Amino acid sequence: MSGAGIVIAFWVLAITSVGSALAVVWVRDIFRAALFLVLCFASVAGLYITLNADFLAAVQILIYAGAISILLIFAIMLTRDTRSAGRSTYLRNPAFLIALLLFITLLFAVLNTDWQAVAQVGTEPSTTAIAQLLFDKTKGFVLPFEIASVLLLVAMIGAIALVKED
Amino acid sequence: MSFKTEPLVVNFGPQHPSTHGVFRMIVSLDGEVITDVEPVMGYLHRGVEKLAEERTYLQNIPFTDRLDYLASMSNNLAYVLAVEKLANIPVSPRAQYLRVIMAELQRIASHAMAVGSFLNDAGAFFTPLMYMFREREKVLDLFEMTCGQRLTYNYMRVGGLSHDIPPEFLPALGKFLDDMPGFIDEYEQLLSENEILLARTKGVGILPPQLAINASVSGPILRGSGVKWDLRKADPYCVYDRFDFDIPVGKAGDSYDRFWVRLQEMRQSVRIIQQAVAQLPQGEVRSQVPATLRPQAGEAYAHIEAPKGELGFYLVSDGSVAPYRFKIRSPSFINLTPLREMMVGYKVADAVIILGSLDIVLGEVDR
Amino acid sequence: MNLWDYIYNLANIRDRITDWANGLFVGWVVYLLIALVGIVAILIFLVPSLMAFIWIERRLVGRFQVRYGPNRVGPFGILQPVADALKVLAKEALTPADADKWVFWLAPVAIFVPALLVYAVLPFGPRMSFADLNIGILYVVAISSLSAISVFMAGWSSNNKFSLLGAMRAVAQMVSYEVPMVLSILGVIMLAGSLQMSHIVQEQLDRNVWFILIQPLGFMVYFISAVAELNRTPTDIMEAESEIVAGYHTEYSGMKFSLFYLAEYTNALAVSAIISTLFFGGWGTAPILDKLPPWLWFIAKIYFFFAILVWMRGTLPRLRIDQLMGFAWKFLLPLALINLFVTGAEVLVWEEYDLAAGWIIPSMVIINFALAGILIVAWTKLFQLRRAWA
Amino acid sequence: MTTAISGIELANQIKASFAEAVLEGDERAVILRSEYLTQVASFLKTTPGLEFDYLSHVTAVDYLDYFEVIYHITSLAHNHSAVIKVKTPDRDNPEVPSVASVWCGANLQEREVYDLMGVTFLEHPNLKRVLLWEGFPGHPLRKDFLTLEGKSPWQTIEPLEEGHHVL
């Protein structure tokens with residue numbers, strides 16, 4: 001792959017992802033906002049591909065664009081009146097305050113982090129490397145991984161138990 | 001834990017693939033569960049009862065063709081029976097037997113359509129419907145041979161039939177009767193043990209016998225609920241008392257039972273026709289009736305077991321050439337009475353199955 | 001290299017073009033050119049295949065339904081898809097007055113793009129993939145999960161209650177069937193030790209066993225869930241004609257509708273291809289006819305599985321949504337999980353004794369088929385006990 | 001064979017319980033006073049030996065100076081049938097009590113009679129037009145329907161909005 005193509009792809013994807021993220025916030029129609037979120041997720045997946053992280057890209061599509069957005073859509077579906085959902089509420093000012101605080105924190109973090117730039121993007125497929133990192137016998141993360149799965153399972157069973165009618 | 005959800009009101013029809021014509025159900029849904037149903041009909045109302053008051057008794061026969069257009073012979077029969085009762089007109093034995101043969105062939109054709117479109121409603125992609133069309137086609141060929149028509153026959157006359165059957169009719173009928181039981185066996189094998197069909201229809205749209213009787217439903221729906229009531233046995237008309245046949249009844253009163261009863265009735269119809277052909281006498285098929293019939297003032301109610309249920313004609317005469325009152329007791333219309341009770345609590349997808357199992361024809365519902 | 005070599009493996013043509021282009025152009029032009037060649041090659045396969053599929057479906061369903069099917073346009077009605085396409089193009093593209101116009105117009109495109117993207121990784125023969133990604137099958141799963149969103153876009157934007165009902169059903173169904181589908185694929189992935197499509201095929205050819213033999217249960221689960229994702233009968237609840245008119249595409253007409261229609265066939269083709277790849281040895285040949293090009297074998301397998309899909313459509317009635325959901329969660333998911341456990345154990349055995357031991361594969365085939373049979377029967381019985389009418 | 005119970009015989013049985021209810025009884029039918037209709041109906045439905053549990057049909061006839069509402073009832077258990085009738089003298093405002101509480105099969109049929117003949121059924125659960133649309137002028141099965149101001153009913157539909165009719 002040539003450098004020029006990657007650069008062009010990066011800029012297109014970067015502008016799309018930032019633009020769609022802004023659209024999520026600004027668009028009044030809540031359903032369209034969700035669709036822009038999907039677009040945002042997808043362009044982030046594209047960014048992963050330009051970094052040769054294809055496993056991560058596929059997972060990004062599968063989980064974020066595929067599953068999380070479906071969850072959002074379900075929530076919209078259950079919303080009583082979506083047409084008026086874009087109107088401002090009494091929570092507007094507190095929300096603005098919290099968002100501002102978060103933004104300042106993030107900005108602070110970004111400026112204070114020592115970013116390690118890599119000269120050359122890895123060309124090898126990253127799937128095996130990720131598997132090595134996760135499941136390696138000595139320095140892997142098998143235990144946290146399993147704990148996370150158990151946690152999810154418990155949450156799922158709990159949810160089922162909560163909504164079960166009888 | 002319960003959620004407060006917004007009910008969704010959906011209009012099924014008047015233009016919808018599964019309402020079998022222009023019928024409308026206003027269905028309130030909670031998610032996919034039906035909470036209320038209101039049938040709306042009349043989109044095909046042509047005012048037949050009013051029109052018939054302006055025409056002679058003979059001229060009214062074609063109107064009856066257009067009520068339940070899938071069972072015109074039965075409609076003809078019920079109407080001419082009512083006129084004969086009103087004016088005391090005798091009918092020759094041969095005509096009686098031919099009437100029975102035609103009515104039973106009509107029942108096979110109508111039930112074939114009912115079963116086929118019921119399965120179509122269940123979601124089978126037209127295949128059962130096409131198979132059933134194949135069988136109905138044979139009956140229609142027989143009718144075409146008899147009276148030249150394939151849908152609106154206008155074959156029965158007051159005092160008999162419009163004309164005798166052609167000579168090639170009986171051999172063709174014999175072949176049909178030989179083949180038909182095998183086909184019914186095949187359909188029974190293909191359909192009544194299909195796992196998906198069972199899952200979709202068993203326990204769906206249960207109509208308890210008490211409610212069925214109270215709501216005046218008739219025909220396969222009443223028998224599907226386990227009530228052994230068939231006018232061919234209970235109040236024999238024509239020569240039905242001379243034939244040996246069974247009345248199939250359902251057990252649970254669900255959609256499957258109604259479907260099953262129809263399949264079995266096709267079998268019984270074949271039996272009746274076989275006996276009728278064997279006993280068929282020679283002779284005239286039409287007695288002398290004046291073209292402008294003037295029955296004496298009075299009233300008469302004649303009913304038959306049409307494919308869809310009790311089809312009755314209530315005629316009031318004032319001594320003129322036209323009926324003073326021409327009332328049709330249409331089974332499809334009255335069978336819709338317990339629609340709400342049958343549907344509430346089931347899923348949207350069940351609604352079309354239940355409606356399909358009722359087998360309504362809108363020409364008859366709206367008249 | 002003679003002509004037969006080029007026909008036998010079409011990748012040789014691509015290599016030839018690459019060599020030729022390398023001498024003429026700079027790197028990125030060659031890159032684009034090869035990509036273009038690949039896209040054209042896929043379209044050359046896809047467009048006639050779609051037309052053939054439409055024709056096959058209509059013909060076959062016609063035969064199932066004791067009628068002729070299309071037989072007027074061209075010999076055996078073979079030009080019927082062309083006539084269909086022309087008719088559809090001439091139709092008016094209606095947009096409902098209260099529709100969300102942007103989303104309404106975008107949805108047909110959005111449903112067609114993922115359907116097409118899947119073709120990038122299908123291995124039509126040795127080295128004959130557009131992009132032989134090393135995450136191949138994961139890519140397929142990820143991309144096809146996007147179509148749920150497109151369906152919901154169509155249903156929501158139409159502003160029609162039937163469409164919305166269809167869309168709600170579609171989302172619920174697609175999310176549910178994704179789970180057993182992925183779990184059933186996992187068995188194959190574990191056996192092959194790779195996500196790469198060509199590697200999965202090569203593994204089957206090297207070991208001389210199609211994975212259907214070791215993964216009968218996985219195949220069954222995958223097949224059913226894939227059919228459910230395709231929304232064809234008996235699982236076409238999201239566009240159930242007799243219930244909700246046409247579901248999410250009730251309001252679509254003309255070319256926009258035909259995009260949905262084509263996407264359905266494109267997906268059906270892709271699913272047939274994936275089934276052949278994962279379970280039936282991909283381009284692998286049968287011993288007698290191994291002189292035929294591998295890609296022809298692959299296409300033949302695709303058509304075979306499509307014919308099975310048509311058969312199912314022509315035969316079965318439709319399930320209800322709760323039954324369909326119950327089937328996914330209570331029947332397919334447990335079976336897929338059990339299959340996963342068993343396969344895991346088998347992979348360990350497989351690695352312990354090397355492949356040379358001749359008894360391994362036959363015994364695994366026997367064990368797996370017996371297990372699949374027992375489980376299916378046992379689970380069905382269990383299901384029947386719970387059914388109210390049983 | 002369904003036995004038709006003669007009106008005279010049935011009238012005597014009804015008179016035994018409701019002396020006032022019967023107006024007359026002829027060979028074909030019993031004619032009841034309309035105010036007793038519901039009581040007699042449930043009497044006919046529940047009395048052992050009669051048990052008319054099945055309402056075959058309900059209809060009405062316009063005899064110009066009065067309406068006659070006719071009920072064909074059947075007993076599935078005993079296989080006999082009977083006809084009961086009610087006359088409504090007031091032509092402008094004909095009223096009959098509803099039997100839908102006794103036989104729910106009367107529900108749709110009484111609506112139809114109301115729709116086409118204009119007989120009001122008192123205490124009917126849902127007395128709306130069934131075949132014609134709400135707002136249809138007149139009741140078409142009445143003998144004087146066509147003299148309705150010399151205007152066809154179709155000309156009476158008024159457009160609600162531009163191009164939209166609500167039927």
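Everything quoted here is computed from the prediction, not taken from an experiment. Chain identifiers are assigned alphabetically (A, B, ...) following the order of the sequence lines, protein sequences preceding nucleic acid strands; residue numbering begins at 1 within each chain.
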Query raised in the report: Heavy atoms under 4.5 Å from chain B: which residues of residues 74-87 of chain D carry them?
Result: D:Thr74, D:Ser75, D:Leu76, D:Asn79, D:Lys85
Query - Short side-chain donor-acceptor distance under 3.5 Å, B:Glu53 and B:Tyr324 - result: no
Query raised in the report: Side chains of B:Arg242 and B:Tyr97: is there a donor and an acceptor less than 3.5 Å apart?
Result: yes
Most contacts with chain B, counted as non-hydrogen pairs under 4.5 angstrom, among [options]:
{"options": "D:Leu116, D:Leu108, D:Val58", "result": "D:Leu108"}
{"options": "D:Trp103, D:Tyr54, D:Tyr63", "result": "D:Tyr54"}
{"options": "D:Asn107, D:Asp115, D:Asn126, D:Ile70", "result": "D:Ile70"}

Report task. For side-chain hydrogen bond (donor to acceptor under 3.5 Å, both in side chains), just list the numbers for B:Arg325 and D:Thr59, CA-CA rounded to whole Å, side-chain angles, deciding distance to a tenth of an Å, and then say yes or no. Result -> CA-CA 10 Å; B:Arg325 175 84 171 94; D:Thr59 188; 2.9 Å; yes
Of the backbone (N, CA, C, O) and the side chain (C-beta and beyond), which part of [X] lies under 4.5 Å from a heavy atom of chain D, both, or neither?
{"X": "B:Leu336", "answer": "both"}
{"X": "B:Glu38", "answer": "side chain"}
{"X": "B:Glu310", "answer": "side chain"}

Query raised in the report: Where on D:Arg129 is there a heavy atom nearer than 4.5 Å to chain B: the side chain, the backbone, both, or neither?
Result: neither
**Report entry** chain B contact via D:Ala29 - side chain, backbone, both or neither, heavy atoms under 4.5 Å
**Finding:** neither
Regarding [X] and [Y], does a basic nitrogen lie under 4.0 Å from an acidic carboxylate oxygen?
{"X": "D:Arg142", "Y": "B:Glu49", "result": "no"}
{"X": "B:Arg223", "Y": "B:Asp230", "result": "yes"}
{"X": "D:Asp26", "Y": "D:Arg28", "result": "no"}
{"X": "B:Lys308", "Y": "B:Asp68", "result": "yes"}

Only pairs of heavy atoms separated by less than 4.5 Å count here; which of [options] has the most with chain D?
{"options": "B:Asp241, B:Val365, B:Val217", "value": "B:Val217"}
{"options": "B:Ser218, B:Gly47, B:Ala234", "value": "B:Ala234"}
{"options": "B:Val227, B:Val316, B:Ile334, B:Asp235", "value": "B:Asp235"}
{"options": "B:Glu299, B:Lys233, B:His45, B:Gln210", "value": "B:Glu299"}

**Report entry** Side-chain touch B:Leu315/B:Val83, heavy atoms, less than 4.5 angstrom
**Finding:** yes
Less than 6.0 angstrom separating the ring centers of [X] and [Y], yes or no?
{"X": "B:Tyr79", "Y": "B:Phe326", "result": "yes"}
{"X": "D:His72", "Y": "B:Tyr314", "result": "yes"}
{"X": "B:Tyr237", "Y": "B:His303", "result": "no"}
{"X": "D:Tyr114", "Y": "D:Phe121", "result": "no"}

